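Okay, so here's the structure we're looking at.
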Amino acid sequence: MISVLIADDHNIVRQGLKQILSNDAQMSVVAEADNGHEVLQELERTKVDVLILDITMPGKNGLDVLKEVKRKYPALPVLVLSMHPEDQFAIRILRAGAAGYITKESAPEELVEALRKVCAGGKYVSPQLAEKLAVFIEDDTARAPHERLSDREFEILRMLAMGKTVTEVADELLLSVKTVSTYRSRVLEKMKMTTNAELTRYALQSGLIN
């Protein structure tokens, strides 16, 4: 029996995932969480074989949650199930330690297949993502500008693009305003842009924000 922890901030999504997995006699959902803090709490008190993780939950940044989970439980496979398109987030997520990445548009059968594969010690990516990964590794010039950002720079790019001020970003990430301003300058320089409006336009066109 494969014991599963589902982490998603939408109750209807968690219920849907539980319904899908209840149709498989080898799958059992033993715990749920709706934010990063609860994920870590549940892992401390419940033994699970795999974590299904939504990367955009309230509170602690999803990438940071993933990294902390892998630091504390390096052997635990994490399958990220996200609303974001593969080509925008998957490579960054896999580099952070996830065993697989699928979107919420995927068929139920693909979810079960992905869970079985990562629980067996494998990695799960779609054929389309596998092709992009090959290009990413072989040709640095093929990378989009945001793919050259560090995880923290990428996080701040998205927050600024969503209209948050430097002060709001600093408060949310528990950083100083000066530190966030430095990150903003780096992001603008690497993206070859000069204003937050340009970042917003780029993020919308690239599907980094809704």
Side-chain angles (χ1 to χ4, degrees), residues 1-134 136 151 154-155 207-208:
M1 181 70 72
I2 297 174
S3 58
V4 183
L5 166 58
I6 297 175
D8 192 291
D9 60 321
H10 294 99
N11 183 54
I12 193 168
V13 173
R14 297 198 306 273
Q15 295 307 313
L17 293 173
K18 287 167 67 176
Q19 182 62 44
I20 291 170
L21 299 183
S22 70
N23 295 324
D24 191 304
Q26 298 303 313
M27 301 277 180
S28 175
V29 177
V30 298
E32 299 177 43
D34 66 8
N35 59 60
H37 180 67
E38 286 189 6
V39 171
L40 298 170
Q41 280 188 327
E42 289 296 339
L43 288 176
E44 285 180 3
R45 61 190 176 207
T46 309
K47 186 181 184 306
V48 301
D49 297 312
V50 62
L51 166 62
I52 300 176
L53 178 65
D54 179 9
I55 209 66
T56 49
M57 295 186 292
K60 195 175 180 68
N61 173 263
L63 264 175
D64 289 340
V65 174
L66 173 60
K67 290 175 181 177
E68 189 163 353
V69 167
K70 294 307 296 181
R71 180 176 61 80
K72 291 185 174 181
Y73 310 95
L76 177 68
V78 179
L79 176 66
V80 169
L81 178 65
S82 176
M83 60 178 277
H84 299 291
E86 287 181 331
D87 60 345
Q88 305 301 342
F89 282 80
I91 292 174
R92 195 174 295 275
I93 295 301
L94 293 170
R95 286 167 60 189
Y101 186 101
I102 64 174
T103 70
K104 291 181 178 178
E105 300 296 321
S106 305
E109 297 80 11
E110 185 177 358
L111 171 65
V112 174
E113 178 189 351
L115 283 171
R116 290 189 181 283
K117 187 163 186 179
V118 300
C119 285
K123 300 281 187 182
Y124 185 86
V125 295
S126 70
Q128 295 83 1
L129 180 56
E131 183 175 345
K132 183 173 178 62
L133 279 168
F136 184 88
D151 289 341
F154 179 68
E155 180 181 22
L208 302 182

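Since this is a predicted model, take the numbers as computed values, not measurements.
For Q19, there are no side-chain hydrogen bond (donor to acceptor under 3.5 Å, both in side chains) partners at least two apart in sequence or on another chain. Scanning for side chain to side chain contact (heavy atoms under 4.5 Å, CB included) contacts around K72 gives E44, E68, with sequence neighbours left out. Evaluation of the side-chain hydrogen bond (donor to acceptor under 3.5 Å, both in side chains) rule for N11 yields R14, Q15 as partners, not counting sequence neighbours. For S3, the side-chain hydrogen bond (donor to acceptor under 3.5 Å, both in side chains) partners are D49, not counting sequence neighbours. Under the side-chain hydrogen bond (donor to acceptor under 3.5 Å, both in side chains) criterion, E38 pairs with no residue at all, not counting sequence neighbours.
A7 approaches V39 most closely through the heavy-atom pair CB-CG2, 3.4 Å. Residues R92 and L63 share a closest heavy-atom pair of CD-CD1, 3.8 Å. The two residues A98 and V80 come nearest to each other via the heavy atoms CB-CG2, 4.0 Å. Counting all heavy atoms, side chain and backbone alike, I6 lies closest to K18 at CD1-CG, 3.8 Å. The heavy-atom pair separating L76 from K70 by the smallest distance is O-NZ, 2.8 Å. Across all non-hydrogen atoms, the minimal contact from M27 to L21 is CB-O, 3.6 Å.
Residues R95 and D151 are not paired through a salt bridge, judged by the lack of any N-O separation under 4.0 Å between the basic side chain and the carboxylate.
Between F154 and L208 there is a side-chain heavy-atom pair separated by less than 4.5 Å. Proximity of L81 to D8: side-chain heavy atoms (C-beta onward) are nowhere separated by under 4.5 Å. In this structure, the side chains of V69 and L40 come closer than 4.5 Å at one or more pairs of heavy atoms. Proximity of V78 to L66: side-chain heavy atoms (C-beta onward) are separated by under 4.5 Å at one or more points. Using a 4.5 Å heavy-atom cutoff, the side chains of V29 and L17 are not in contact.
For the atom pair OH of Y124 and CD1 of I102, the computed distance is 6.5 Å after rounding to the nearest 0.5 Å. To the nearest 0.5 Å, the span separating NZ on K47 from CG on L5 amounts to 13.0 Å. Atom CG of L53 sits about 10.5 Å away from atom OH of Y101, to the nearest 0.5 Å.
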Do any side-chain atoms of residues 111-122 form donor-acceptor pairs under 3.5 angstrom with protein atoms, and if so which ones, sequence neighbours left out?
residue : atom : partner : partner atom : Å
R116    : NH2  : D24     : OD1          : 2.9
R116    : NH2  : D24     : OD2          : 2.6
K117    : NZ   : K123    : O            : 3.4

List the steps and the verdict of side chain to side chain contact (heavy atoms under 4.5 Å, CB included) for K104 and D54.
-> CA-CA 10 Å; K104 291 181 178 178; D54 179 9; 3.5 Å; yes
